[in-house]
Structure formats: C-alpha cells, structure tokens
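When reading the values below, keep in mind they use all heavy atoms of this one structure, side chains included, and skip hydrogens, waters and symmetry mates.
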Amino acid sequence: MEVKKSLASLLSGLLLSGALFITPNVQAEGRLTVYCSVQNNVCEDMTKQFSQQYNVETQFIHGGTGTILGKVKAEASNPQADIWYGGTIEPHFQAGELGLLEEYRSSKQVEILPQFKSLVESEQGKFTSIVYMLVLGFGVNTEKLAKLGVEMPKKWDDLLDPRLQGEVQLPDPRSSGTTYTLMTTLSTLWGEEKTFDYLKKLNANISQYVKSALVTSNLARGESAVTVGFVHSYATEKEKGAPVEAVIPEGKVGYALGGVSILKNARNLENAKLFMDWVLSKEAQEIPWKKHGVYQTPTNVNAEVAPQSTKADALEFVEIDYKKAGSSEEGKRLVDKWLAEIKLAK
C-alpha cells in the first residue's frame, strides 16, 4: 500500500561555520564546543539556549556527518570539540569502535522510546545516545514531474524510469550519512549484490551527487525532479511554497537515528555530559519542530510529536543490523565500493 507523508526540512549543510553565545551579564561556568550535524539554525538555537540555561560559554562548528567523522578521526590526538550532536548514528558508532568517544550513559537514556531501548542498552549505547529518528524516502518536485509526464514514484524501481534521466539527485556518501543509510537499507531488503546492481542502474538517472545541504534546496528550485533523503526534510520546503511532496516507498521502510556522543579526551567533559543530558530531554527535543519547523521524530518517550512528523509506530521498519552497519570497517568498505563501482566507474 502506498503511503505518502509530507514532513519537514533537513537541510544538513556541510559548510563549516561557528557561533558563540555567552549569557549576558553573568560569569560563564566553563566552556563547551559542539560539533553539530543538524540544521545550522537549529545548532545555533540549541547551543544558545543551553548556554543561557546552564551559564556555559558555548560555541558550535557545523558540518555534515561524514565531514565531522573525518574531523574527529583527524583530531584524535588533539580534539577540537567536546561533543558531537546530530547526524546519522552509524558514523557515531564507527567513532566509538575506533576509540574516539568517551564512555557516558546518560540518565536520560531511560526515557527513550521502547523500540530503541535495546540499542542504547547495547555496548554501542555506552558511547552514543539517540536524539531523533528520520524516515528514508523520496522527495519529488510535482511541477517538474508533470512537465516530464512522470507519475509520482511509489517504489524504489520507479526511480529507474528512463524519463528521469538527469533528474535525480543523491547526497555524496563521503560527506553525508543519507546515502549510507540508503545502501544499508536496500542491502537489508535485497542483499548487497542486488543493491549495487540497482544503484548502478540508478546512476544513469543521477545528475550529480551533491552535498547534503543542496539535495532538498535543489529539488525545491526545480533543479531536480526526484531526490532520495529523509522525508521530513521536504515538508519545510512545501510550507515555504515550493511544489515539493514526500513519498514513503512501498514495503518496509528505511530509517536513520540521530546520535549524540562525547569525544574522547574532551576538554570540557562535565559540560559535555550536561549537554548530552539536556539534548536527550523532552524540552530540548521539542525545540527543532516547535521553533524551526524541523519535524524529525523525537526519541524521548515524553516529548510531544509534531503533527507533521512520522510516528514511530505508524510504519513497518527495516531491521537494521547496527553492529554491522556501525562498524568502521563496514562503513569504509561500503563507501569505497560505491566510489569504485558507481561514482568513478567508466
């Protein structure tokens, strides 16, 4: 059965930027630097509110999931941040496996949705907690599809329609976690061989593999007709007036979880723990959708869920093997295989 849901925007930019917020007229109690892989405006507001609430001088550096993982690896001997907030959870798990994260089980882990409890109770949950859920699907520009004479896609194979040649965009998995989620989702559903055969066929319709920040904005501008991404990211563009719709493909649904992890040898460890506790709280998890129209699904069982968000119990999800998908060896292998067999293939 076809399921279509309009959700809101995940414009996960890769351009590194920073912002500093200090509570006025009050002496700050220490510092905190956050690597932030959610929307830039959400990073800005979250760090500002944390700074004001806890009187901690807080700055953030914004980057896509793959970009930040690369920085964490490069800075292992001299970390330049204390905590990593947001981004798909597999790279967080990979960082944990590489010994790049500080062990910390937040007391707020007990408030996570039941379907994710076993994951946070696992060995990986000693280093990484879950702050939101994202659903994988298609974004479509309805005006562009109409001009092409193409019906709304319903299933993955619909993206192979030859009329969509040069009209599909995906994020580059070297800098974004979205396409890695796509690869692990389809591999779970079909097996790896069939998945890469599909991706090779899909490559014929791809105009370019772009930075994740551009996937949704390009779609809204009509520079592509279809994208693959987290479906809540398309509703914000629709709310802005763009002819964009989200489609959840038929069958079992892929998803991603957003992670938060403290970096090994964090200079401001206690403030990092405080920040993790705070972003896992009901109040903090409601900020993205209440203030910014970002309808990621909160994972705190007490958090209010936006009407535009996907309800965690509304769909049948793919059962992702996070032990495998979250291993650094598997992450490197899959991305290298994509690069060799698809991106750079003659």
Shortest non-hydrogen contact from [X] to [Y]?
{"X": "Gln296", "Y": "Pro288", "result": "NE2-CG, 3.6 Å"}
{"X": "Val34", "Y": "Leu32", "result": "CG2-CD2, 3.8 Å"}
{"X": "Ala256", "Y": "Thr88", "result": "CB-CG2, 3.8 Å"}
{"X": "Leu69", "Y": "Pro91", "result": "CD1-O, 3.6 Å"}

Checklist entry - Taking the six-membered ring for Trp, are the ring centroids of Phe196 and Trp338 within less than 6.0 Å of each other? => result no
Just wondering, are more than 12 heavy atoms of other shown residues or ligands nearer than 6.0 Å to [atom1] in [X]?
{"X": "Gln208", "atom1": "CD", "answer": "yes"}
{"X": "Lys337", "atom1": "NZ", "answer": "yes"}
{"X": "Lys200", "atom1": "NZ", "answer": "yes"}
{"X": "Lys282", "atom1": "NZ", "answer": "yes"}
{"X": "Lys290", "atom1": "NZ", "answer": "yes"}

[X] and [Y]: side-chain donor and acceptor closer than 3.5 Å?
{"X": "Asn218", "Y": "Gln169", "result": "yes"}
{"X": "Glu97", "Y": "Ser327", "result": "no"}
{"X": "Ser261", "Y": "Thr128", "result": "yes"}
{"X": "Asn78", "Y": "Arg267", "result": "yes"}

Would you call the rings of [X] and [Y] parallel, tilted or perpendicular, where under 30° means parallel and over 60° means perpendicular?
{"X": "Tyr85", "Y": "Phe275", "result": "perpendicular"}
{"X": "His92", "Y": "Trp84", "result": "parallel"}
{"X": "His62", "Y": "Phe60", "result": "perpendicular"}

Next on the checklist: Would Ile83 and Asn268 count as a side-chain contact (heavy atoms from CB on, under 4.5 Å) here? Give the steps.
Outcome noted: CA-CA 9 Å; Ile83 190 165; Asn268 302 290; over 6 Å; no
